[in-house]
Structures are given as structure tokens and as C-alpha cells.
Amino acid sequence: MLDPKLLRNDPERVAGKLLIKGYVFDVAKFKAMEERRKALQIDTQELQSIRNQKSKQIGQAKAQGQEIESLKAEMDRLAQDLKDKQQQFDGLQEELNNWLAEMPNIPHESVPAGDSEAQNTVIHTWGEPKSFAFEVKDHVDLGEHLQLLDFESAAKITGSRFTIMQGQLAQLHRALIQFMLDMHTRAHGYTEIYVPYIVNSDSLRGTGNLPKFGEDLFQLKTDSEYYLIPTAEVPVTNMWRDQIASAEQLPIKYVCHSPCFRSEAGSYGRDTRGLIRQHQFEKVELVQLVHPDHSWQAFAELTSHAEAVLQALALPYRSMTLCGGDLGFSSAKTIDLEVWLPAQDTYREISSCSNFLDFQARRMKARWKGHEGKPQLLHTLNGSGLAVGRTLVAILENYQQADGSIEVPKALVNYMHGTTEISI
RNA sequence: GGAGAGUUGGCAGAGUGGUCGAAUGCGGUGGUCUUGAAAACCAUUGACGGUUGAUCCCGUCCGGGGGUUCGAAUCCCUCACUCUCCGCCA
């Protein structure tokens with residue numbers, strides 16, 4: 001949520017910045033609503049004040065045994081006025097809040113203009129795409145050739161966009177998770193955390209997935225409004241909803257492995273082949289809640305932590321600054337890491353690192369407080385470190401050998417109990 | 001699934017219709033004392049919003065929502081959550 005004060009003070013400037021994200025903000029309508037809100041609020045509060053005074057009078061009069069019926073009659077009229085005003089005020093306030101809840105975060109000034117992926121800018125590339133002396137296969141062919149990857153059975157059991165892994169491939173998948181968790185806890189100072197994979201709607205509102213993006217989520221058919229998590233970001237960040245951290249607790253750094261569930265509504269026909277876009281996938285997520293003065297530094301660090309995984313696995317990648325139009329709803333700035341996929345002859349997203357500033361924190365009232373002064377909003381950040389399924393794709397394709405076997409990356413050999421190659 | 005007890009400020013915990021935004025303790029902050037620190041003692045200390053140059057001031061908030069009343073932390077309804085006991089079960 002944006003700061004309501006910022007909107008009131010300079011709506012034109014906010015409107016200009018939101019346009020970078022492709023969001024049209026009706027300033028005139030906002031100003032008119034704000035003016036009415038202000039008038040209604042002042043009126044309502046004045047009536048409340050009078051009511052409180054009169055009530056006290058009645059109490060005193062009664063204590064002294066005086067007649068109170070005439071005072072009560074006066075209160076009846078007042079109460080009716082108050083009720084009307086209050087209803088108008090509440091209604092308008094709700095309307096404003098709903099509007100505010102649908103407004104995206106303001107992009108940081110360093111975010112390039114643009115309305116699609118094509119305008120994202122390359123920050124740097126790392127590693128050289130390997131040249132193969134044979135015709136490369138994609139991960140689907142490789143996995144099915146090894147008889148360790150099975151989309152057909154998954155489609156039978158559930159439907160499209162699910163998969164089954166077996167044997168050493170399932171093991172490699174699990175090894176990746178262990179490897180990533182170990183790196184982030186041991187080398188990067190994150191606390192490992194295990195969380196529910198089902199969340200309520202308040203949590204989804206906190207991170208900004210609701211009210212606008214409900215169609216991307218799987219909702220459970222229960223009496224409670226429960227959803228499967230689209231990412232661990234939701235439960236992990238919401239740990240601090242309605243909480244006040246002390247200055248000593250900052251920065252708060254969590255790493256969390258979880259499955260992620262996405263409906264992928266609106267992406268029919270895209271990436272239908274293989275593991276790239278699944279309804280269910282595993283991710284190791286990095287989440288930080290930090291002092292507002294340090295969030296850009298934390299952002300750089302968090303991004304480097306995700307990159308460290310790719311580097312340790314010797315997977316070529318590039319990092320991209322997302323342009324305004326490609327930027328997520330809650331994010332002020334996002335850097336995507338894209339891994340090289342030889343079979344697609346292109347880079348594909350494998351991690352997305354974002355700084356939300358106080359946008360999520362305001363929605364979920366996640367605050368911190370020093371020894372002096374008032375509680376202040378935290379800044380929240382997160383990034384994939386990494387998307388496990390896509391990392392597996394990258395390893396299969398980048399480490400494939402002429403006979404269709406897969407070399408196990410050196411960093412993972414210990415996690416595979418010494419296995420150096422996956423073959424039939 | 002059955003029976004019962006709870007949910008109050010950063011934390012613990014009083015408060016059952018009218019100066020209660022709320023005793024008290026802990027914690028925080030400032031001070032006295034001390035060479036310094038600790039202890040002790042004194043003072044101070046909720047959040048959000050409106051208004052303001054800033055105070056003052058005003059409003060809202062005692063799990064969420066609704067109701068009764070001139071007036072609700074306190075009474076009623078409802079929902080959520082927590083805990084205890086019994087039953088069942090990974």
C-alpha cells in the first residue's frame with residue numbers, strides 16, 4: 001500500500017510515477033473523494049465529541065438525582081445525525097481503502113521505462129554458454145530418455161503442468177534443495193524456517209497477492225478462506241504482520257524451502273512443454289525484513305546470494321533489471337536472474353529479487369522500533385535462491401553429455417553421496 | 001468429536017455499565033547516587049487517525065464483526081484463535 005499522506009500531498013507526482021508501471025491514477029477523482037472524506041471525518045468526529053460530553057453530563061446529572069429525560073431526547077437526535085454521518089464516512093473510507101489496495105507500488109527511479117519484457121535491461125552476464133559437439137537435447141528428452149521424468153503419469157494422476165521424478169533425478173532435485181539451504185544458512189546468515197503451505201486471505205493481502213491477483217491462486221474449498229501458497233514469501237513475510245521488531249533484531253533474514261502452487265491462469269499455451277511452468281514446484285526463498293535505511297544495500301546482497309548459487313553450480317546466467325511495465329505489483333525494483341538453457345538457446349528466469357520498500361510492511365503493519373521514537377515501517381525484500389525445478393532443468397541441459405547422461409555438478413557430488421553421473 | 005476456560009498496552013497481568021486509554025509489575029527512556037558500572041530511588045513511557053508551523057486539542061482502538069444503552073473493556077449475539085481435560089488418530 002502506498003502512503004496515504006504521499007497521495008494527498010502530491011497526487012500528480014504519484015500519478016506520473018505510476019504511469020511508468022502502466023497504472024492510470026485518476027487524480028481529479030481522488031482529490032474530490034479526499035475532500036469529501038476530510039469534511040465527513042471532521043463532522044463525524046465533532047458529533048462524537050459532543051456525544052461524549054453529553055453522556056458525561058447525563059452521568060453527572062443522574063448521580064445528583066436530577067431529571068435526565070430532556071437530555072436523553074436531545075441525545076436521540078444527535079445519535080441519528082451521528083449515525084448518518086458515520087455511515088457516509090465509513091462507506092467513503094472503505095471505497096478509498098479498496099482503491100488504495102489496488103494501487104501498485106511506485107517504481108524506483110533507477111527502473112527503466114518500458115511496457116514489456118523486451119525493455120528489461122541487462123546488468124551483467126556471468127559464465128560462458130558451453131558449446132556442445134553434439135546436438136543438444138532439452139530437459140524433457142533427457143529426463144524421459146533416462147526414464148526418470150514422467151509427465152504422462154502425472155497428467156493421468158492429476159492433469160497438465162504436473163510431473164513425476166524418479167530415482168537419481170528425484171534425488172538430484174532433493175540434493176539441490178539441501179545444497180541451497182546449506183549455502184544460505186551457513187555462508188549467508190539466513191535462518192532456516194518451515195512454514196504452513198496454506199495461508200488465509202489476510203496474509204495474501206499483506207504481500208499484495210490479494211485483492212487483485214486471486215485468479216493466480218489455488219483456493220481451497222473449505223469454510224475458511226484458505227489458499228495454497230504461490231511462494232514461501234507469503235507465509236514467511238507475514239510472520240511479522242502486526243508485529244513490532246526491536247532494532248537489535250534487524251536485519252531479519254529467513255531462508256525457506258517450500259512447494260509453490262500457481263494456477264497459471266492466463267498462460268495457456270505458454271511453456272506447455274517440460275518443467276518450466278508447473279502448477280506445483282519447489283523453491284528456496286530468501287526473505288529479509290530490514291531497517292528502512294538499509295534496504296537497497298540488503299537488496300544488492302540478497303541478489304548476490306541468489307547469484308552465488310548459480311556460480312557454485314557453474315551455470316551461466318545474466319541479471320536483468322525489470323522495466324516498469326514488467327515490474328510486479330508490490331515491487332519498487334526487481335532484478336531477475338536468467339539462466340542459460342542451451343536447448344532453448346536463450347536465458348530463462350530462475351530467480352526474481354525484489355525490494356518492496358515499505359509497501360508490503362504498510363499493508364501488514366510490520367514495524368520496528370528503536371529505544372526512542374515511534375514505531376516505523378520495516379522494508380521487506382525477497383528473492384528466489386533459487387527456483388529448484390528450473391535449476392534442475394538448467395543442470396540437465398547444461399551438464400548433458402553426448403550419450404544423454406548427465407554429469408553431476410561438482411558442488412552436488414557430496415549431496416549425491418558420491419554419484420558423479422546420472423545415466424541409464 | 002464431547003466438556004470447560006480464556007483472548008486487555010513491547011511483555012506479564014488487574015479491571016463486570018459512567019473522570020478507564022485502562023491499576024500494578026517487567027521492559028524502555030530521562031534523572032539522583034557512583035571514579036565508572038550494577039543495585040537502589042525518583043520521574044516518564046500505548047497505537048492509529050484528524051487538526052496544527054509545532055504543542056494543545058479532538059476522535060478511534062481492550063481478538064474480529066454485530067447488538068443493547070444517553071453511555072460498553074465491562075451486558076447480549078456471532079465468528080476466529082489459544083489453552084485444559086476426555087475420546088480418536090498420523
Side-chain angles (χ1 to χ4, degrees), chain A residues 1-9 30-31 33-101 194-206 210-211 219-220 222-227 235 238-250 252 289 291 358 360-378:
Chain A
M1 202 165 82
L2 294 175
D3 186 354
K5 280 183 186 146
L6 186 69
L7 277 173
R8 282 176 216 161
N9 292 340
F30 178 77
K31 279 183 166 172
M33 279 174 79
E34 255 303 309
E35 212 168 299
R36 254 189 82 215
R37 186 225 101 227
K38 199 164 169 176
L40 280 170
Q41 183 160 2
I42 289 169
D43 286 356
T44 304
Q45 292 189 355
E46 199 174 305
L47 287 170
Q48 283 173 329
S49 176
I50 295 170
R51 178 202 59 193
N52 292 345
Q53 284 172 30
K54 296 254 183 205
S55 272
K56 274 183 188 164
Q57 277 178 30
I58 290 174
Q60 285 164 1
K62 206 176 168 187
Q64 292 165 16
Q66 293 170 0
E67 182 270 342
I68 55 172
E69 288 311 313
S70 61
L71 278 169
K72 277 193 183 181
E74 217 177 309
M75 283 293 274
D76 278 345
R77 287 196 303 277
L78 187 71
Q80 193 53 52
D81 282 359
L82 177 58
K83 203 176 166 188
D84 289 349
K85 278 276 191 270
Q86 181 100 52
Q87 269 173 7
Q88 286 182 53
F89 174 64
D90 288 348
L92 185 63
Q93 187 71 267
E94 199 191 331
E95 220 180 303
L96 270 164
N97 285 343
N98 290 344
W99 191 6
L100 212 59
Y194 171 86
V195 293
Y197 302 150
I198 295 173
V199 292
N200 59 35
S201 54
D202 285 342
S203 296
L204 288 158
R205 249 182 286 278
L210 287 176
Q219 182 172 7
L220 266 47
T222 49
D223 290 338
S224 321
E225 210 180 321
Y226 282 167
Y227 299 82
N238 272 282
M239 284 274 294
W240 287 89
R241 172 151 56 88
D242 295 318
Q243 296 288 317
I244 301 175
S246 66
E248 294 77 40
Q249 288 176 286
L250 304 181
I252 297 159
L289 298 101
H291 187 289
D358 61 12
Q360 291 182 327
R362 184 172 294 106
R363 286 173 157 247
M364 66 177 114
K365 296 189 184 67
R367 293 173 293 175
W368 73 280
K369 188 176 175 294
H371 292 310
E372 288 175 13
K374 295 236 162 200
Q376 284 185 56
L377 294 170
L378 287 163

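None of the values given here were measured: they were computed from a predicted structure. Numbers restart at 1 for each chain; the letters A, B, ... are given by sequence-line order, proteins then strands.
- Comparing the P positions of B:G9 and B:G4 gives an interatomic distance of 27 Å, to the nearest angstrom.
- The separation of B:C83 from B:C77, taken at their C1' atoms, amounts to 24 Å, rounded to a whole angstrom.
- Pairing analysis of RNA chain B (Watson-Crick: purine N1 to pyrimidine N3 plus N6-O4 or O6-N4; G-U wobble: N1-O2 and O6-N3; both under 3.5 Å) yields stems of 3 or more pairs at B:1-7 with B:80-86, B:10-12 with B:24-26, B:27-32 with B:40-45, B:46-50 with B:57-61, B:63-67 with B:75-79.
- Closest non-hydrogen pair, A:Gly206 versus A:Asn238, comes out as CA-OD1, 4.3 Å.
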>> Let's go through A:Lys85 and A:Leu40 carefully: what are the C-alpha distance in whole Å and the side-chain angles of both, what is the deciding distance for side chain to side chain contact (heavy atoms under 4.5 Å, CB included) to 0.1 Å, and is it a yes or a no?
In response: CA-CA 7 Å; A:Lys85 278 276 191 270; A:Leu40 280 170; 3.9 Å; yes

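- What separates CG of A:Asp90 from P of B:G49 is a distance of 17 Å, to the nearest Å.
- The same atom, C1', is picked in B:G28 and in B:C11; the two are 12 Å apart, to the nearest Å.
- For RNA chain B, the residues of residues 44-58 of chain A within the heavy-atom distance limit of 4.0 Å (strictly under) are A:Gln45, A:Gln48, A:Ser49, A:Arg51, A:Asn52, A:Ser55, A:Ile58, sorted by number.
- When all heavy atoms are compared, the tightest approach of A:Ala247 to A:Gly370 is CB-CA, 4.2 Å.
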Would you tabulate the pairs of protein nitrogen or oxygen atoms and nucleotide nitrogen or oxygen atoms of nucleotides 45-47 of chain B closer than 3.5 angstrom?
residue, atom, partner, partner atom, Å
B:A47, O3', A:Arg367, NH1, 3.1

>> Run the side-chain hydrogen bond (donor to acceptor under 3.5 Å, both in side chains) test on A:Ser201 and A:Arg205 for me, step by step, so that the C-alpha distance in whole Å, both residues' side-chain angles and the decisive distance to 0.1 Å come before the verdict.
In response: CA-CA 6 Å; A:Ser201 54; A:Arg205 249 182 286 278; 3.2 Å; yes

Return the polar atom pairs (N/O with N/O) between nucleotides 67-69 of chain B and the protein under 3.5 Å, or none.
none

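- Heavy-atom minimum distance, A:Pro196 versus A:Pro235: O-CG, 3.6 Å.
- The interatomic distance linking A:Lys5 (NZ) with B:G49 (C1') rounds to 8 Å, in whole Å.
- With salt bridges taken as basic N to acidic carboxylate O contacts below 4.0 Å, one links A:Arg37 and A:Glu34.
- One P atom belongs to B:A14, the other to B:G50, and the distance between them is 36 Å to the nearest Å.
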> Given the rule in the side chain to side chain contact (heavy atoms under 4.5 Å, CB included) test, do A:Leu250 and A:Leu378 qualify, once you have shown the distances and angles that lead to the verdict?
Replying inline: CA-CA 9 Å; A:Leu250 304 181; A:Leu378 287 163; 3.6 Å; yes

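- Taking atom CD of A:Gln86 as the reference point, atom C1' of B:C58 lies 15 Å away to the nearest angstrom.
- The gap from the P atom of B:G65 to that of B:C70 amounts to 23 Å, rounded to the nearest Å.
- Using a distance-only test at 3.5 Å, with no hydrogens or angles considered, a donor-acceptor pair links the side chain of A:Asn200 to the main chain of A:Ser203.
- Taking atom C1' in both B:C41 and B:C33, the straight-line distance is 9 Å, to the nearest Å.
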> side chain to side chain contact (heavy atoms under 4.5 Å, CB included) between A:Leu100 and A:Leu7: does it pass, once the steps are laid out?
Replying inline: CA-CA 10 Å; A:Leu100 212 59; A:Leu7 277 173; 2.9 Å; yes

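- Regarding A:Asn200, its CG atom lies at a distance of 16 Å from the P atom of B:G64, rounded to whole Å.
- Between A:Trp99 and A:Phe30, the two ring planes are perpendicular [angle over 60°; tilted spans 30° to 60°].
- A:Ile58 and A:Met75 make their closest contact through CD1-CG, 3.9 Å (heavy atoms, listed as atom of the first residue, atom of the second, distance).
- Nucleotides B:G6 and B:U74 are separated by 16 Å at their C1' atoms, to the nearest Å.
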Extract from the structure each pairing of a protein N or O with an N or O of nucleotides 51-57 of chain B at less than 3.5 Å, listing the distance.
residue, atom, partner, partner atom, Å
B:U51, OP1, A:Lys38, NZ, 3.1

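- The minimum heavy-atom distance between A:Ala101 and A:Pro211, with the atom names listed, is O-CD, 3.9 Å.
- Comparing B:A80 with B:A12, their C1' atoms are spaced 24 Å from each other, to the whole Å.
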> Can you check side-chain hydrogen bond (donor to acceptor under 3.5 Å, both in side chains) on A:Glu46 and A:Ser49, steps first, answer last?
Replying inline: CA-CA 5 Å; A:Glu46 199 174 305; A:Ser49 176; over 6 Å; no

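- If you take OG1 on A:Thr222 and OH on A:Tyr227, they are separated by 9.5 Å, rounding to the nearest 0.5 Å.
- A search for salt bridge (Lys or Arg N to Asp or Glu O under 4.0 Å) contacts involving A:Lys83 returns nothing, not counting sequence neighbours.
- When all heavy atoms are compared, the tightest approach of A:Arg362 to A:Leu2 is NH1-C, 3.4 Å.
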